[in-house]
Amino acid sequence: MSKKFRVGILGATGTVGQRFVELLEGHPQFEVTALAASDRSQGKPYREACVWRLPDDMPARVASLHVSAPQPPLDCDLIFSSLPGEMASVSEDAFARAGYPVISNSSAFRMDEDVPLLIPEINHEHLALLETQRRARGYERGYIVTNPNCSTIMIALALAPLHARFGVEACVATTMQALSGAGYPGVASLDVADNLLPHIGGEEEKIESETLKILGRMSGARIEAADMRVSAQCHRVNVSDGHFGALRVKLARAADVEEFTDALASFTALPQELRLHSAPARPVIVRAEADRPQPRLDRDAGRGMSVSVGRIRPDAVMDYRFVALSHNTVRGAAGAAILNAELLAARGYLKH
Ligand code: NAP
(Lines give C-alpha, C1' and ligand atoms only; values in the text may rest on other atoms or scores of the structure.)
Protein backbone atom coordinates (compact mmCIF):
# COMPACT_ATOMS: atom_id res chain seq x y z
CA MET A 1 0.00 0.00 0.00
CA SER A 2 1.36 3.48 -0.87
CA LYS A 3 2.46 5.87 1.85
CA LYS A 4 -0.35 7.95 3.36
CA PHE A 5 -0.54 11.73 2.98
CA ARG A 6 -0.06 13.50 6.32
CA VAL A 7 -2.94 15.81 7.13
CA GLY A 8 -3.29 18.90 9.34
CA ILE A 9 -6.75 20.07 10.45
CA LEU A 10 -7.37 23.76 11.23
CA GLY A 11 -10.36 24.28 13.54
CA ALA A 12 -9.88 20.67 14.68
CA THR A 13 -11.83 21.07 17.93
CA GLY A 14 -15.01 22.38 16.25
CA THR A 15 -18.11 20.70 14.85
CA VAL A 16 -16.60 20.20 11.40
CA GLY A 17 -13.10 19.57 12.78
CA GLN A 18 -14.39 16.63 14.82
CA ARG A 19 -16.06 15.18 11.71
CA PHE A 20 -12.72 15.42 9.90
CA VAL A 21 -11.06 13.46 12.72
CA GLU A 22 -13.83 10.85 12.66
CA LEU A 23 -13.92 10.42 8.86
CA LEU A 24 -10.12 10.32 8.52
CA GLU A 25 -9.71 7.55 11.10
CA GLY A 26 -8.65 4.46 9.12
CA HIS A 27 -8.73 6.38 5.79
CA PRO A 28 -6.61 4.49 3.22
CA GLN A 29 -4.85 7.63 1.87
CA PHE A 30 -4.71 10.15 4.72
CA GLU A 31 -3.57 10.18 8.34
CA VAL A 32 -3.95 13.03 10.79
CA THR A 33 -0.57 14.30 12.01
CA ALA A 34 -1.32 17.91 13.05
CA LEU A 35 -4.19 19.80 14.68
CA ALA A 36 -4.77 23.51 15.15
CA ALA A 37 -7.38 25.66 16.86
CA SER A 38 -7.68 28.91 18.84
CA ASP A 39 -5.37 30.03 21.65
CA ARG A 40 -7.92 28.55 24.06
CA SER A 41 -6.85 25.09 22.84
CA GLN A 42 -3.22 25.57 21.79
CA GLY A 43 -0.56 23.60 23.68
CA LYS A 44 -3.09 21.07 25.03
CA PRO A 45 -3.43 17.45 23.93
CA TYR A 46 -6.50 17.11 21.69
CA ARG A 47 -8.30 15.00 24.31
CA GLU A 48 -8.17 17.97 26.73
CA ALA A 49 -8.74 20.78 24.22
CA CYS A 50 -11.75 19.19 22.52
CA VAL A 51 -15.15 18.45 24.00
CA TRP A 52 -15.85 15.45 21.75
CA ARG A 53 -19.49 15.33 20.65
CA LEU A 54 -19.67 12.37 18.25
CA PRO A 55 -21.02 8.97 19.26
CA ASP A 56 -17.86 6.90 18.57
CA ASP A 57 -14.86 7.44 20.87
CA MET A 58 -12.23 9.99 19.94
CA PRO A 59 -9.53 8.06 17.99
CA ALA A 60 -6.74 7.26 20.48
CA ARG A 61 -3.84 8.27 18.23
CA VAL A 62 -5.33 11.70 17.52
CA ALA A 63 -6.28 12.20 21.19
CA SER A 64 -2.62 12.48 22.17
CA LEU A 65 -1.62 15.00 19.44
CA HIS A 66 -1.02 18.52 20.73
CA VAL A 67 -3.06 21.39 19.33
CA SER A 68 -1.03 24.10 17.55
CA ALA A 69 -1.71 27.62 16.30
CA PRO A 70 -3.21 27.74 12.76
CA GLN A 71 0.02 29.06 11.26
CA PRO A 72 2.70 27.39 9.15
CA PRO A 73 4.75 25.31 9.59
CA LEU A 74 2.69 22.28 10.64
CA ASP A 75 3.88 18.68 10.42
CA CYS A 76 1.79 17.60 7.41
CA ASP A 77 1.58 17.41 3.59
CA LEU A 78 -1.79 19.14 3.24
CA ILE A 79 -4.28 21.17 5.24
CA PHE A 80 -8.00 20.69 5.82
CA SER A 81 -9.46 23.94 7.12
CA SER A 82 -12.64 24.43 9.12
CA LEU A 83 -11.82 27.81 10.61
CA PRO A 84 -14.38 30.61 10.97
CA GLY A 85 -14.39 32.80 7.84
CA GLU A 86 -12.54 35.85 9.20
CA MET A 87 -9.71 33.70 10.60
CA ALA A 88 -9.57 31.50 7.49
CA SER A 89 -8.71 34.34 5.11
CA VAL A 90 -5.40 35.03 6.89
CA SER A 91 -4.49 31.49 7.89
CA GLU A 92 -5.35 29.67 4.65
CA ASP A 93 -3.45 32.21 2.56
CA ALA A 94 -0.42 31.82 4.85
CA PHE A 95 -0.43 28.02 4.44
CA ALA A 96 -0.85 28.18 0.65
CA ARG A 97 1.99 30.71 0.46
CA ALA A 98 4.15 28.39 2.57
CA GLY A 99 3.60 25.57 0.03
CA TYR A 100 0.70 23.58 1.50
CA PRO A 101 -2.37 22.50 -0.47
CA VAL A 102 -5.30 23.98 1.51
CA ILE A 103 -8.66 22.24 1.20
CA SER A 104 -11.13 24.55 2.85
CA ASN A 105 -14.67 24.49 4.18
CA SER A 106 -14.75 28.12 4.98
CA SER A 107 -16.41 30.82 2.90
CA ALA A 108 -13.37 33.15 2.82
CA PHE A 109 -12.14 32.36 -0.72
CA ARG A 110 -15.08 30.47 -2.25
CA MET A 111 -16.21 33.20 -4.64
CA ASP A 112 -12.72 34.41 -5.64
CA GLU A 113 -12.34 34.11 -9.43
CA ASP A 114 -9.17 32.02 -9.23
CA VAL A 115 -10.38 29.56 -6.56
CA PRO A 116 -12.14 26.29 -7.48
CA LEU A 117 -15.45 25.81 -5.63
CA LEU A 118 -15.29 22.09 -6.10
CA ILE A 119 -17.88 19.31 -6.09
CA PRO A 120 -16.05 16.44 -7.81
CA GLU A 121 -19.27 15.02 -9.31
CA ILE A 122 -20.03 18.36 -10.98
CA ASN A 123 -17.07 20.54 -11.86
CA HIS A 124 -13.71 18.76 -11.62
CA GLU A 125 -12.59 20.71 -14.69
CA HIS A 126 -12.60 23.88 -12.51
CA LEU A 127 -9.29 22.59 -11.07
CA ALA A 128 -7.73 24.25 -14.14
CA LEU A 129 -8.06 27.50 -12.13
CA LEU A 130 -5.18 26.40 -9.90
CA GLU A 131 -2.63 27.45 -12.53
CA THR A 132 -4.15 30.95 -12.67
CA GLN A 133 -4.32 31.05 -8.88
CA ARG A 134 -0.64 30.24 -8.46
CA ARG A 135 0.37 32.90 -10.97
CA ALA A 136 -1.99 35.55 -9.57
CA ARG A 137 -1.11 34.99 -5.91
CA GLY A 138 2.54 34.02 -6.26
CA TYR A 139 2.00 30.63 -4.59
CA GLU A 140 4.82 28.30 -5.59
CA ARG A 141 3.62 24.84 -4.57
CA GLY A 142 0.59 25.62 -2.39
CA TYR A 143 -2.96 26.39 -3.46
CA ILE A 144 -6.51 26.78 -2.10
CA VAL A 145 -9.45 24.61 -3.13
CA THR A 146 -12.81 25.21 -1.42
CA ASN A 147 -16.02 23.27 -1.00
CA PRO A 148 -19.38 25.04 -1.06
CA ASN A 149 -21.68 26.04 1.78
CA CYS A 150 -23.47 23.04 3.31
CA SER A 151 -26.91 23.80 1.80
CA THR A 152 -25.44 24.82 -1.53
CA ILE A 153 -23.77 21.41 -1.92
CA MET A 154 -27.12 19.67 -1.50
CA ILE A 155 -28.90 22.01 -3.92
CA ALA A 156 -26.13 21.89 -6.54
CA LEU A 157 -25.97 18.08 -6.46
CA ALA A 158 -29.74 17.92 -6.98
CA LEU A 159 -29.67 20.50 -9.81
CA ALA A 160 -26.58 19.24 -11.68
CA PRO A 161 -28.18 16.14 -13.27
CA LEU A 162 -31.27 18.18 -14.23
CA HIS A 163 -29.19 21.00 -15.66
CA ALA A 164 -27.09 18.55 -17.70
CA ARG A 165 -30.11 16.77 -19.17
CA PHE A 166 -32.83 19.46 -19.53
CA GLY A 167 -31.22 22.80 -18.63
CA VAL A 168 -32.42 24.54 -15.46
CA GLU A 169 -33.58 28.11 -16.04
CA ALA A 170 -34.61 28.89 -12.47
CA CYS A 171 -34.70 27.35 -9.00
CA VAL A 172 -36.54 28.48 -5.87
CA ALA A 173 -35.10 26.83 -2.74
CA THR A 174 -36.53 26.93 0.77
CA THR A 175 -34.19 25.34 3.31
CA MET A 176 -34.76 24.00 6.81
CA GLN A 177 -31.30 23.70 8.31
CA ALA A 178 -29.98 21.66 11.22
CA LEU A 179 -28.57 23.08 14.44
CA SER A 180 -25.09 21.59 13.90
CA GLY A 181 -24.77 23.89 10.88
CA ALA A 182 -24.27 26.76 13.31
CA GLY A 183 -21.22 25.13 14.94
CA TYR A 184 -20.87 24.64 18.68
CA PRO A 185 -22.52 25.85 20.93
CA GLY A 186 -24.48 27.36 18.04
CA VAL A 187 -28.06 28.48 18.57
CA ALA A 188 -29.24 29.02 22.17
CA SER A 189 -31.69 26.30 23.24
CA LEU A 190 -34.20 28.91 24.45
CA ASP A 191 -34.24 30.45 20.97
CA VAL A 192 -34.97 27.23 19.13
CA ALA A 193 -37.09 25.10 21.49
CA ASP A 194 -40.71 25.17 20.27
CA ASN A 195 -39.56 27.49 17.52
CA LEU A 196 -37.77 28.04 14.21
CA LEU A 197 -35.56 30.92 13.14
CA PRO A 198 -36.22 32.55 9.75
CA HIS A 199 -32.73 34.03 9.39
CA ILE A 200 -29.28 32.46 8.93
CA GLY A 201 -26.75 35.22 8.29
CA GLY A 202 -25.37 35.23 4.74
CA GLU A 203 -26.84 31.81 3.88
CA GLU A 204 -29.35 32.91 1.23
CA GLU A 205 -26.73 34.99 -0.58
CA LYS A 206 -24.26 32.07 -0.49
CA ILE A 207 -26.75 29.65 -2.06
CA GLU A 208 -27.72 32.16 -4.74
CA SER A 209 -24.15 33.00 -5.78
CA GLU A 210 -22.25 29.75 -5.16
CA THR A 211 -24.70 27.58 -7.14
CA LEU A 212 -24.09 29.62 -10.31
CA LYS A 213 -20.32 29.34 -9.94
CA ILE A 214 -20.43 25.57 -9.27
CA LEU A 215 -22.66 24.89 -12.28
CA GLY A 216 -20.66 27.30 -14.46
CA ARG A 217 -18.35 26.22 -17.28
CA MET A 218 -14.67 26.93 -17.85
CA SER A 219 -14.32 29.53 -20.57
CA GLY A 220 -10.62 30.00 -21.31
CA ALA A 221 -8.94 30.52 -17.94
CA ARG A 222 -12.09 31.62 -16.09
CA ILE A 223 -15.50 30.31 -15.04
CA GLU A 224 -18.57 31.52 -16.87
CA ALA A 225 -21.39 31.40 -14.31
CA ALA A 226 -24.44 29.25 -15.14
CA ASP A 227 -27.23 31.19 -16.86
CA MET A 228 -29.86 30.45 -14.21
CA ARG A 229 -31.86 32.33 -11.60
CA VAL A 230 -31.66 31.01 -8.04
CA SER A 231 -33.74 32.30 -5.13
CA ALA A 232 -33.24 31.00 -1.58
CA GLN A 233 -34.97 31.37 1.80
CA CYS A 234 -33.25 29.74 4.77
CA HIS A 235 -34.54 28.68 8.18
CA ARG A 236 -32.91 27.13 11.24
CA VAL A 237 -34.99 24.26 12.64
CA ASN A 238 -34.76 22.07 15.71
CA VAL A 239 -33.01 19.09 14.04
CA SER A 240 -29.52 18.01 15.14
CA ASP A 241 -27.97 17.02 11.76
CA GLY A 242 -29.26 17.06 8.19
CA HIS A 243 -30.19 20.05 6.05
CA PHE A 244 -33.50 19.83 4.20
CA GLY A 245 -34.57 21.79 1.11
CA ALA A 246 -37.89 22.23 -0.71
CA LEU A 247 -36.99 23.00 -4.33
CA ARG A 248 -38.97 24.18 -7.34
CA VAL A 249 -37.34 24.24 -10.76
CA LYS A 250 -38.10 25.66 -14.19
CA LEU A 251 -36.55 23.66 -17.00
CA ALA A 252 -35.28 24.83 -20.40
CA ARG A 253 -36.91 21.87 -22.14
CA ALA A 254 -39.97 19.81 -21.21
CA ALA A 255 -39.49 16.53 -19.34
CA ASP A 256 -42.02 13.98 -18.11
CA VAL A 257 -41.87 12.72 -14.52
CA GLU A 258 -40.11 9.49 -15.54
CA GLU A 259 -37.35 11.33 -17.40
CA PHE A 260 -37.00 13.86 -14.58
CA THR A 261 -36.73 11.09 -11.96
CA ASP A 262 -34.33 9.07 -14.10
CA ALA A 263 -31.98 12.04 -14.53
CA LEU A 264 -31.62 12.23 -10.75
CA ALA A 265 -31.59 8.51 -9.93
CA SER A 266 -29.12 7.50 -12.64
CA PHE A 267 -26.63 10.30 -11.96
CA THR A 268 -23.02 9.18 -11.47
CA ALA A 269 -19.83 10.98 -12.35
CA LEU A 270 -16.04 10.98 -12.12
CA PRO A 271 -15.70 10.13 -8.37
CA GLN A 272 -17.79 6.98 -8.93
CA GLU A 273 -15.75 6.08 -12.04
CA LEU A 274 -12.49 6.58 -10.16
CA ARG A 275 -13.93 4.73 -7.13
CA LEU A 276 -12.74 7.45 -4.78
CA HIS A 277 -12.89 6.21 -1.19
CA SER A 278 -15.56 8.69 0.02
CA ALA A 279 -17.62 8.71 -3.18
CA PRO A 280 -21.09 7.25 -2.64
CA ALA A 281 -22.27 4.69 -5.20
CA ARG A 282 -25.22 7.01 -5.86
CA PRO A 283 -24.67 10.75 -5.32
CA VAL A 284 -28.45 11.28 -5.53
CA ILE A 285 -30.88 8.71 -4.09
CA VAL A 286 -34.51 9.05 -5.15
CA ARG A 287 -37.02 7.91 -2.49
CA ALA A 288 -40.43 6.82 -3.74
CA GLU A 289 -42.24 6.90 -0.35
CA ALA A 290 -44.62 9.84 0.18
CA ASP A 291 -43.00 10.79 3.50
CA ARG A 292 -39.28 10.52 2.69
CA PRO A 293 -36.58 11.76 2.91
CA GLN A 294 -36.50 12.76 6.59
CA PRO A 295 -33.42 14.04 8.45
CA ARG A 296 -33.33 11.33 11.12
CA LEU A 297 -33.91 8.46 8.69
CA ASP A 298 -31.97 9.56 5.63
CA ARG A 299 -29.05 11.84 6.61
CA ASP A 300 -26.60 8.91 6.77
CA ALA A 301 -27.47 7.58 3.29
CA GLY A 302 -24.29 6.70 1.37
CA ARG A 303 -22.30 7.10 4.63
CA GLY A 304 -23.57 10.69 4.78
CA MET A 305 -22.34 11.47 1.24
CA SER A 306 -25.56 10.96 -0.77
CA VAL A 307 -28.27 13.56 -1.27
CA SER A 308 -31.71 12.00 -0.80
CA VAL A 309 -34.51 13.36 -2.96
CA GLY A 310 -38.25 12.69 -2.83
CA ARG A 311 -41.77 13.98 -3.45
CA ILE A 312 -41.06 14.70 -7.14
CA ARG A 313 -44.19 16.26 -8.62
CA PRO A 314 -45.17 18.63 -11.44
CA ASP A 315 -45.63 22.17 -10.14
CA ALA A 316 -48.36 24.62 -11.16
CA VAL A 317 -46.02 27.65 -11.05
CA MET A 318 -42.60 26.24 -11.96
CA ASP A 319 -42.19 22.90 -13.84
CA TYR A 320 -41.33 20.53 -10.97
CA ARG A 321 -41.09 20.51 -7.19
CA PHE A 322 -39.28 18.07 -4.92
CA VAL A 323 -37.47 17.90 -1.59
CA ALA A 324 -33.80 17.15 -0.88
CA LEU A 325 -31.82 16.23 2.21
CA SER A 326 -28.14 15.84 3.01
CA HIS A 327 -25.85 15.50 6.02
CA ASN A 328 -24.53 19.00 6.62
CA THR A 329 -21.29 18.10 8.41
CA VAL A 330 -20.46 15.11 6.15
CA ARG A 331 -21.44 15.85 2.49
CA GLY A 332 -21.92 19.49 3.49
CA ALA A 333 -18.49 19.96 5.09
CA ALA A 334 -15.79 17.47 6.19
CA GLY A 335 -16.81 14.64 3.83
CA ALA A 336 -16.95 17.10 0.92
CA ALA A 337 -13.42 18.36 1.64
CA ILE A 338 -12.09 14.80 1.97
CA LEU A 339 -13.67 13.82 -1.37
CA ASN A 340 -12.02 16.92 -2.88
CA ALA A 341 -8.66 15.78 -1.48
CA GLU A 342 -9.18 12.27 -2.89
CA LEU A 343 -9.78 13.78 -6.34
CA LEU A 344 -6.70 16.01 -5.95
CA ALA A 345 -4.65 12.92 -5.05
CA ALA A 346 -6.03 10.98 -8.03
CA ARG A 347 -5.15 13.89 -10.35
CA GLY A 348 -1.58 14.22 -9.02
CA TYR A 349 -2.12 17.53 -7.16
CA LEU A 350 -0.91 16.17 -3.79
CA LYS A 351 2.74 15.44 -2.97
CA HIS A 352 4.34 13.81 0.04
P1 NAP B 1 -17.25 25.64 15.43
O2 NAP B 1 -17.88 24.40 15.93
O3 NAP B 1 -17.56 26.93 16.07
O4 NAP B 1 -15.63 25.42 15.45
C5 NAP B 1 -14.75 26.48 15.15
C6 NAP B 1 -13.31 25.98 15.19
O7 NAP B 1 -12.43 27.07 14.84
C8 NAP B 1 -12.85 25.48 16.56
O9 NAP B 1 -11.87 24.48 16.38
C10 NAP B 1 -12.20 26.73 17.16
O11 NAP B 1 -11.18 26.43 18.11
C12 NAP B 1 -11.54 27.33 15.94
N13 NAP B 1 -11.35 28.78 16.09
C14 NAP B 1 -12.29 29.71 16.40
N15 NAP B 1 -11.73 30.94 16.46
C16 NAP B 1 -10.42 30.76 16.17
C17 NAP B 1 -9.30 31.65 16.12
N18 NAP B 1 -9.42 32.96 16.33
N19 NAP B 1 -8.09 31.12 15.82
C20 NAP B 1 -7.94 29.80 15.58
N21 NAP B 1 -8.95 28.90 15.65
C22 NAP B 1 -10.17 29.39 15.94
O23 NAP B 1 -17.57 25.87 13.87
P24 NAP B 1 -17.89 24.78 12.70
O25 NAP B 1 -19.33 24.58 12.59
O26 NAP B 1 -16.98 23.63 12.86
O27 NAP B 1 -17.50 25.64 11.40
C28 NAP B 1 -16.17 25.85 11.01
C29 NAP B 1 -16.12 26.42 9.60
O30 NAP B 1 -16.71 25.48 8.70
C31 NAP B 1 -16.85 27.73 9.42
O32 NAP B 1 -16.16 28.51 8.48
C33 NAP B 1 -18.20 27.30 8.87
O34 NAP B 1 -18.82 28.31 8.13
C35 NAP B 1 -17.79 26.13 7.99
N36 NAP B 1 -18.85 25.13 7.73
C37 NAP B 1 -19.57 24.60 8.75
C38 NAP B 1 -20.56 23.64 8.47
C39 NAP B 1 -21.41 22.99 9.53
O40 NAP B 1 -22.35 22.23 9.17
N41 NAP B 1 -21.15 23.19 10.81
C42 NAP B 1 -20.78 23.26 7.15
C43 NAP B 1 -20.01 23.83 6.13
C44 NAP B 1 -19.06 24.75 6.44
P45 NAP B 1 -11.43 26.45 19.72
O46 NAP B 1 -12.19 25.19 20.06
O47 NAP B 1 -10.04 26.44 20.24
O48 NAP B 1 -12.20 27.71 20.03
Side-chain angles (χ1 to χ4, degrees), residues 8-23 32 34-54 58 62 65-72 74 79-92 94-95 102-111 117-119 144 146-156 175-187 200-203 205-207 210 234 236-237 239-244 295 299 304-305 325-340:
I9 303 172
L10 313 183
T13 50
T15 306
V16 178
Q18 294 186 27
R19 276 286 173 207
F20 272 123
V21 170
E22 180 196 53
L23 295 173
V32 178
L35 303 169
S38 78
D39 50 11
R40 184 191 69 74
S41 308
Q42 291 163 25
K44 297 180 188 167
Y46 189 61
R47 73 165 67 79
E48 278 175 32
C50 173
V51 183
W52 185 255
R53 295 189 186 276
L54 293 172
M58 179 186 284
V62 179
L65 292 177
H66 278 71
V67 177
S68 305
Q71 294 157 4
L74 282 182
I79 294 289
F80 286 121
S81 170
S82 54
L83 289 172
E86 65 285 6
M87 189 58 213
S89 55
V90 177
S91 183
E92 293 177 3
F95 277 101
V102 177
I103 297 148
S104 172
N105 264 286
S106 128
S107 58
F109 294 103
R110 282 183 197 146
M111 291 305 294
L117 183 53
L118 185 65
I119 300 181
I144 300 172
T146 59
N147 57 254
N149 161 277
C150 38
S151 289
T152 310
I153 295 182
M154 168 181 76
I155 293 166
T175 69
M176 284 140 268
Q177 302 188 199
L179 296 173
S180 61
Y184 192 83
V187 183
I200 305 176
E203 199 79 357
E205 295 78 0
K206 285 176 190 165
I207 293 171
E210 290 179 16
C234 299
R236 186 76 67 198
V237 296
V239 164
S240 59
D241 289 312
H243 286 356
F244 189 93
R299 60 193 168 208
M305 290 296 284
L325 170 84
S326 83
H327 199 303
N328 53 296
T329 64
V330 184
R331 178 53 104 156
I338 294 170
L339 185 62
N340 284 353

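In each ligand, atom 1 is the first atom listed, and ligand 1 is the first ligand listed. This chain uses plain numbering: 1 for the first residue, then up along the sequence.
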Practice item. Check step by step if side-chain hydrogen bond (donor to acceptor under 3.5 Å, both in side chains) holds for Glu203 and Asn149. Key: CA-CA 8 Å; Glu203 199 79 357; Asn149 161 277; 3.0 Å; yes
Practice item. Indicate the atoms forming the closest heavy-atom contact of Arg331 with Ile153, along with that distance. Key: O-CD1, 3.2 Å
Check your understanding: With a 4.5 Å heavy-atom cut-off, do Ile103 and Ile79 have their side chains touching?
Key -> no
Exercise for review: Between Ser107 and ligand 1, find which residue part has any heavy-atom pair under 4.0 Å and reply side chain, backbone, both or neither.
Suggested key: neither
Review point. Which residue holds the protein heavy atom closest to atom 31 (C) of ligand 1, what is that atom called, and what is the gap in Å?
Key: Leu83 O, 3.5 Å
Check your understanding: Quick one: which ligand 1 atoms are inside 4.0 Å of a heavy atom on Gly181?
Key -> 39 (C), 40 (O), 41 (N)
Revision key, fill the gap. Numbered in order shown, the ligand 1 atoms found under 4.0 Å of a heavy atom of Ser180 are 39 (C), 40 (O), 41 (N)
Point to revise | Approximate separation, where rounding is to 0.5 Å, of Ser81 OG and Phe20 CZ | key: 7.5 Å
Review point. What is the closest protein heavy atom to atom 36 (N) of ligand 1, and at what distance does it sit?
Key: Val16 CG2, 4.1 Å
Point to revise | Identity and distance of the protein heavy atom lying nearest atom 18 (N) of ligand 1 | key: Met87 SD, 3.7 Å
Exercise for review: Kindly indicate whether atom 7 (O) of ligand 1 is approached by any protein heavy atom to under 4.0 angstrom.
Suggested key: yes
Review point. Heavy atom of Ser82 under 4.0 Å from ligand 1?
Key: yes
**Study point:** OG1-CD distance between Thr146 and Glu210, expressed to the nearest 0.5 angstrom
**Key:** 7.5 Å
Review point. Could you state the interatomic distance from CG (Asp241) to NE2 (His327), rounded to the nearest 0.5 Å?
Key: 4.0 Å
Review point. Which protein non-hydrogen atom lies closest to atom 3 (O) of ligand 1, naming both residue and atom, and how far is it?
Key: Tyr184 O, 3.7 Å
Practice item. Please write down residue, atom name and distance for the protein heavy atom closest to atom 40 (O) of ligand 1. Key: Asn328 ND2, 3.2 Å
Check your understanding: Can you name the closest pair of heavy atoms from Val67 and Ala49 and give their distance?
Key -> CG2-CB, 3.9 Å
Point to revise | Heteroatom distance test (Thr329, ligand 1): nitrogen or oxygen, under 3.5 angstrom | key: no
**Study point:** Step-by-step side-chain hydrogen bond (donor to acceptor under 3.5 Å, both in side chains) determination, Gln18 to Thr13
**Key:** CA-CA 6 Å; Gln18 294 186 27; Thr13 50; over 6 Å; no
Exercise for review: Please could you name the atoms of ligand 1 that Pro70 approaches to less than 4.0 Å, counting only its heavy atoms?
Suggested key: 20 (C)
Review point. Considering only heavy atoms of Gly11, which atoms of ligand 1 have at least one such atom less than 4.0 Å away?
Key: 6 (C), 7 (O), 9 (O)
Point to revise | atom 47 (O) of ligand 1: the protein heavy-atom neighbour that sits closest, reported with distance to 0.1 Å | key: Ser41 OG, 2.4 Å
Practice item. Check whether any side-chain N or O of Arg236 sits under 3.5 Å from a backbone N or O of Ala178 as a donor-acceptor pair, and report yes or no. Key: yes
Practice item. Return the residue, atom name and 0.1 Å-rounded distance of the protein heavy atom closest to atom 23 (O) of ligand 1. Key: Gly183 CA, 3.9 Å
Review point. Hey, looking at atom 13 (N) of ligand 1, which of Pro84, Ala49, Gly14, Ala333 has the closest heavy atom?
Key: Pro84
Practice item. Between Ala69 and ligand 1, find which residue part has any heavy-atom pair under 4.0 Å and reply side chain, backbone, both or neither. Key: neither
Review point. Okay, side chain of Tyr184, backbone of Arg53: is any donor-acceptor separation there less than 3.5 Å?
Key: no
Review point. Would you say the side chains of Asn340 and Asn147 form a donor-acceptor pair under 3.5 Å?
Key: no
Review point. Where on Ser38 is there a heavy atom closer than 4.0 Å to ligand 1, on the side chain, on the backbone, on both, or on neither?
Key: both
Check your understanding: Of the non-hydrogen atoms in Ala334 and Arg19, which two are nearest, and what is the gap between them?
Key -> CB-CB, 3.6 Å
Practice item. Please could you name the atoms of ligand 1 that Gly332 approaches to less than 4.0 Å, counting only its heavy atoms? Key: 42 (C), 43 (C)
Exercise for review: Would you check if the side chain of Ser91 reaches a backbone N or O of Pro70 as a donor-acceptor pair within less than 3.5 Å?
Suggested key: yes
Check your understanding: Is any N or O atom of Ser106, backbone or side chain, closer than 3.5 Å to an N or O atom of ligand 1?
Key -> no
Check your understanding: Of the protein's non-hydrogen atoms, which lies at the shortest distance from atom 10 (C) of ligand 1, and what is that distance?
Key -> Thr13 OG1, 3.8 Å
Study note, to complete from the structure: Looking only at non-hydrogen atoms, the one of Val90, Asn105, Thr146 nearest atom 30 (O) of ligand 1 is Asn105
